[in-house]
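Here the structure is laid out as C-alpha cells; the discussion comes afterwards.
Note that the structure is a prediction, hence the values are computed from the model and not measured. Naming: A, B, ... by sequence-line order, numbering from 1 per chain.
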Protein chains: 4
Amino acid sequence: MVISINDASEIPIYQQIRNQIVLGISDGRLAPGEQLPTVRALAEEIGINSMTVSKAYTLLKQEGYIYTDRRSGARVRQEFETNKELSEKSQELLRQIISEAKVSGMTQTEFFDLCKRIYKG
Amino acid sequence: MVISINDASEIPIYQQIRNQIVLGISDGRLAPGEQLPTVRALAEEIGINSMTVSKAYTLLKQEGYIYTDRRSGARVRQEFETNKELSEKSQELLRQIISEAKVSGMTQTEFFDLCKRIYKG
Amino acid sequence: MVISINDASEIPIYQQIRNQIVLGISDGRLAPGEQLPTVRALAEEIGINSMTVSKAYTLLKQEGYIYTDRRSGARVRQEFETNKELSEKSQELLRQIISEAKVSGMTQTEFFDLCKRIYKG
Amino acid sequence: MVISINDASEIPIYQQIRNQIVLGISDGRLAPGEQLPTVRALAEEIGINSMTVSKAYTLLKQEGYIYTDRRSGARVRQEFETNKELSEKSQELLRQIISEAKVSGMTQTEFFDLCKRIYKG
DNA sequence: GTGGTCTAGACCACC
DNA sequence: GTGGTCTAGACCACG
C-alpha cells in the first residue's frame with residue numbers, strides 16, 4: 001500500500017499516516033494480520049524522520065488498529081471490536097459536516113448518495 | 001444563541017466558535033440576516049481574548065456564512081449558495097469517518113440511521 | 001509537587017513522570033483543575049529533554065488524567081470517570097503480584113494489611 | 001502446564017513465560033520439585049527462539065523459583081523462602097495500581113473484593 | 001533485524 | 001507565553 005504525504009496540509013504527518021492506514025484497513029487493501037512496513041522503511045520511503053512514523057504506529061496501536069509483534073514488527077489487528085460505534089470525536093465531526101451539508105442546500109437523500117459513493121470506495 | 005467553549009477540547013477556540021455558529025445557522029437558531037454579537041461583546045461573554053473571536057468571524061466571512069456591515073457589525077448571510085457541495089476538507093473528513101465506521105463493524109444502514117438522528121436533532 | 005527520576009530504572013522516564021503524577025492525583029497532592037508545570041519548566045527542573053515530558057503529558061491526556069487548556073497549559077482533570085474499574089493491564093499486573101505474594105507465603109490478610117498501608121499512604 | 005504467548009502484548013516473551021510459571025507455582029499447577037520442560041522442548045512447543053526460554057529460566061533461577069540440576073534439568077524449588085515479602089519492584093507496582101484504583105473511584109473494600117476474586121481464581 | 005526511548009534543537013499554531 | 005510537531009542522530013531491549 002502506498003502512503004502519500006501532503007506537506008502543505010495542516011494535518012500533522014503522523015495523523016496523515018494514521019488516516020491512510022485506517023483507510024487501507026477499511027477498504028481491504030490491508031488485510032488482518034498483514035505486516036506493515038517497518039518504521040525505518042516507511043520513513044525512508046516517504047522521506048521523513050522515523051520518529052514521525054513511530055508516532056503514527058503508536059497512535060494506531062493505542063486505537064487498536066494494529067499491534068506490534070516483537071518478532072516481526074507492526075501488524076494489522078486480527079479481530080476488531082465491532083462495537084458499531086463512532087468515537088465521540090468522530091460523531092462531533094459528523095455533526096459539523098452534516099450542518100455544513102444542510103447549509104449548502106444538500107437534502108438528506110443527496111447527502112446519503114455522497115456517503116454511498118464513499119462507502120463503495 | 002449561547003456559545004460555549006470546551007477548554008479541554010483539542011479543537012482551537014476560534015474553530016469551536018465558528019462551528020457553533022454554523023450549527024446555529026443550519027438548525028435555524030440563527031436566522032438569515034440576523035445580527036451576531038460584536039466581537040468585544042462575545043469575547044467578554046465567553047471570557048476569552050477578543051482576537052480569538054475576531055479570528056472566528058474572519059473565518060466565517062471567508063467561508064461565506066456571514067458578512068460584515070459597517071453600521072451594524074456582523075450578520076448572517078441572507079442567501080446561501082446552495083451549491084449542494086461539501087468543502088474538500090469536509091469530504092476528506094467524511095471519508096475518514098466512514099472508514100472508521102466500517103472498521104467498527106457499522107453497516108451502511110446503521111451509519112445512515114446515525115446520520116438521520118443527527119439530521120433531525 | 002516534586003517529581004524525581006531514577007535514571008537507573010528500567011522504567012522509561014516518561015512513564016516515571018506519568019506514574020508520579022497519577023500518584024499525586026490519587027493522594028491529593030495534585031488537586032482537580034490544578035495546573036501542572038509547563039513542559040519546558042518540568043524538563044529543565046528534572047534535567048531532561050522537553051520531548052520526554054511532552055510524551056508523558058500526551059499519555060496522561062490520552063488516559064484522561066489531565067487535559068491541556070490552550071490558554072494555561074496542562075491541568076488536572078476536574079472530574080474523573082469513576083467507573084471503579086482497573087485497566088486490563090493493571091488487573092493482569094495485580095494477578096501477577098498476588099501470585100508472588102502467595103508463593104512468598106503471604107496470607108490474604110497479610111496482603112491486605114500491606115494494601116491498607118499503601119492506601120493510607 | 002500449557003504456556004501461551006500473547007504476540008500482541010507489550011510484555012516481553014521471556015517475561016510472559018516467567019509470569020506464567022510463577023502463576024503455575026502459586027496455584028499449584030506446578031508442584032514443588034516438579035520438572036519443567038527442557039529449554040528446547042518448551043521453545044519448540046510454543047514456537048519461539050530457545051534463547052528466549054533460556055532467558056526466562058535464568059530469571060526464574062535468579063528469583064529463586066526454580067533450580068537446575070545437571071541430570072534432570074530445571075525443577076521447581078522444593079521449599080520457598082516464606083519471607084512474606086514482595087520484591088521492591090512489585091511493591092512499587094502495587095502502589096501504582098492502588099493509585100489508579102483510587103482515582104477510578106474504587107473504595108478499599110471494592111479493591112479488596114477484586115483481590116479476593118483473584119486469590120480464589 | 002525490530003520497535004521504543006531519548007536528546008538537542010527548531011518551527012508552528014494558538015491565545 | 002503555551003503545547004504540538006518534526007528533524008537528525010543515537011542507544012537500548014528484544015528475539
Side-chain angles (χ1 to χ4, degrees), chain A residues 5 7 9-17 35-44 46-61 66-75, chain B residues 5 7 9-17 43 46-56, chain C residues 5 7 9-17 35-44 46-61 66-75, chain D residues 5 7 9-17 43 46-56:
Chain A
I5 296 306
D7 289 323
S9 169
E10 62 184 351
I11 303 170
I13 296 177
Y14 79 90
Q15 266 285 354
Q16 292 187 43
I17 297 173
Q35 188 176 342
L36 295 173
T38 68
V39 168
R40 288 168 179 80
L42 185 51
E44 204 173 332
I46 53 188
I48 59 167
N49 190 286
S50 60
M51 273 291 292
T52 308
V53 177
S54 181
K55 196 166 176 180
Y57 280 17
T58 301
L59 181 56
L60 284 160
K61 226 171 76 173
I66 68 172
Y67 67 93
T68 49
D69 179 326
R70 274 201 176 65
R71 288 166 294 183
S72 59
R75 291 183 174 279
Chain B
I5 296 306
D7 290 333
S9 171
E10 63 181 355
I11 302 171
I13 296 177
Y14 79 91
Q15 266 283 354
Q16 292 188 45
I17 297 172
I46 51 187
I48 59 169
N49 194 306
S50 59
M51 281 294 293
T52 308
V53 178
S54 177
K55 197 165 174 179
Chain C
I5 297 305
D7 290 323
S9 170
E10 62 183 352
I11 303 171
I13 296 177
Y14 79 90
Q15 266 285 353
Q16 293 187 43
I17 297 173
Q35 187 175 341
L36 296 173
T38 69
V39 169
R40 288 168 178 79
L42 185 51
E44 205 173 331
I46 53 187
I48 59 167
N49 190 286
S50 60
M51 273 292 292
T52 307
V53 178
S54 179
K55 197 166 176 178
Y57 279 18
T58 301
L59 181 56
L60 284 160
K61 225 171 76 172
I66 68 172
Y67 67 93
T68 49
D69 179 325
R70 277 201 175 66
R71 288 166 294 183
S72 59
R75 292 184 172 280
Chain D
I5 296 305
D7 290 333
S9 172
E10 63 182 355
I11 302 170
I13 295 177
Y14 79 92
Q15 266 283 355
Q16 292 188 45
I17 297 172
I46 50 186
I48 60 169
N49 194 306
S50 59
M51 280 294 292
T52 308
V53 178
S54 176
K55 198 164 174 179

In terms of the nearest nucleotide of DNA chain E, which residue is placed more toward the 5' end: Val39(A) or Asn49(C)?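 Mapping each residue to its closest nucleotide by heavy atoms, the 5'-most match is Val39(A).
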Nearest whole angstrom, please: distance from the [atom2] of [N] to the [atom1] of [X].
X        : N       : atom1 : atom2 : answer
Asp7(C)  : dC11(F) : CG    : P     : 17 Å
Tyr57(C) : dT5(F)  : OH    : C1'   : 18 Å
Tyr67(C) : dT2(F)  : OH    : P     : 17 Å
Gln15(C) : dA13(F) : CD    : P     : 17 Å
Ile13(A) : dG4(F)  : CD1   : C1'   : 13 Å
Met51(A) : dA8(E)  : CE    : P     : 14 Å
Ile11(A) : dA13(E) : CD1   : P     : 15 Å
Leu36(C) : dT2(F)  : CG    : P     : 13 Å

Using a cut-off of 6.0 Å, state whether more than 12 heavy atoms not belonging to Gln35(C) lie near its atom CD.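 Yes - once you tally the heavy atoms of other residues, nucleotides and ligands closer than 6.0 Å, there are more than 12.
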Starting at the 5' end of DNA chain F and moving along, which residue's nearest nucleotide shows up first, Pro37(C) or Tyr14(D)?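 Of the two residues, Pro37(C) wins.
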Starting at the 5' end of DNA chain F and moving along, which residue's nearest nucleotide shows up first, Ser50(A) or Ser54(C)?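 The residue whose closest nucleotide sits nearer the 5' end is Ser54(C).
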Need one value for Ile48(A): base, sugar-phosphate or nothing, where a base atom within 4.0 Å counts as base even if backbone is also close, heavy atoms only.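 Answer is sugar-phosphate: Ile48(A) comes under 4.0 Å of backbone atoms only.
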Nearest atoms (heavy-atom pairs only) where Tyr57(A) meets Pro37(A):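 Looking at all heavy atoms of both residues, the closest pair is OH-O, 2.7 Å.
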Check if the side chain of Arg40(C) and the base of dG3(F) share a donor-acceptor pair of N or O atoms closer than 3.5 Å.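 Under the 3.5 Å cut-off, the side chain and the base do form a donor-acceptor pair.
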Taking 4.0 Å as the cut-off, does a side-chain nitrogen or oxygen of Lys55(A) come that near to OP1 or OP2 on dT5(F)?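 Indeed, a polar side-chain atom of Lys55(A) lies that close.
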Counting only side-chain N and O atoms of Thr38(C), is one of them less than 4.0 Å from OP1 or OP2 of dT2(F)?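 Checking Thr38(C) against dT2(F): at least one side-chain N or O falls below 4.0 Å of OP1 or OP2.
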For dC14(E), the Watson-Crick or wobble counterpart (both distances under 3.5 Å):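 dG1(F) is the nucleotide pairing with dC14(E).
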Separation of Ile13(B) CD1 from Ile17(B) CD1 (nearest 0.5 Å):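 Going from the CD1 atom of Ile17(B) to the CD1 atom of Ile13(B) covers 7.0 Å.
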Donor-acceptor pair, distance only, cut-off 3.5 Å: does the side chain of Ser54(D) make one with the backbone of Ser50(D)?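 The answer is no, because no donor-acceptor pair under 3.5 Å joins these two groups.
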Options dC15(E), dC6(E), dG3(E), nucleotide nearest the side-chain atoms of Thr52(C):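 Selected nucleotide (nearest to the side chain): dC6(E).
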Got a salt bridge between Arg71(A) and Asp7(D), using NZ or NE/NH1/NH2 to carboxylate O under 4.0 Å?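 Asp7(D) and Arg71(A): salt-bridged.
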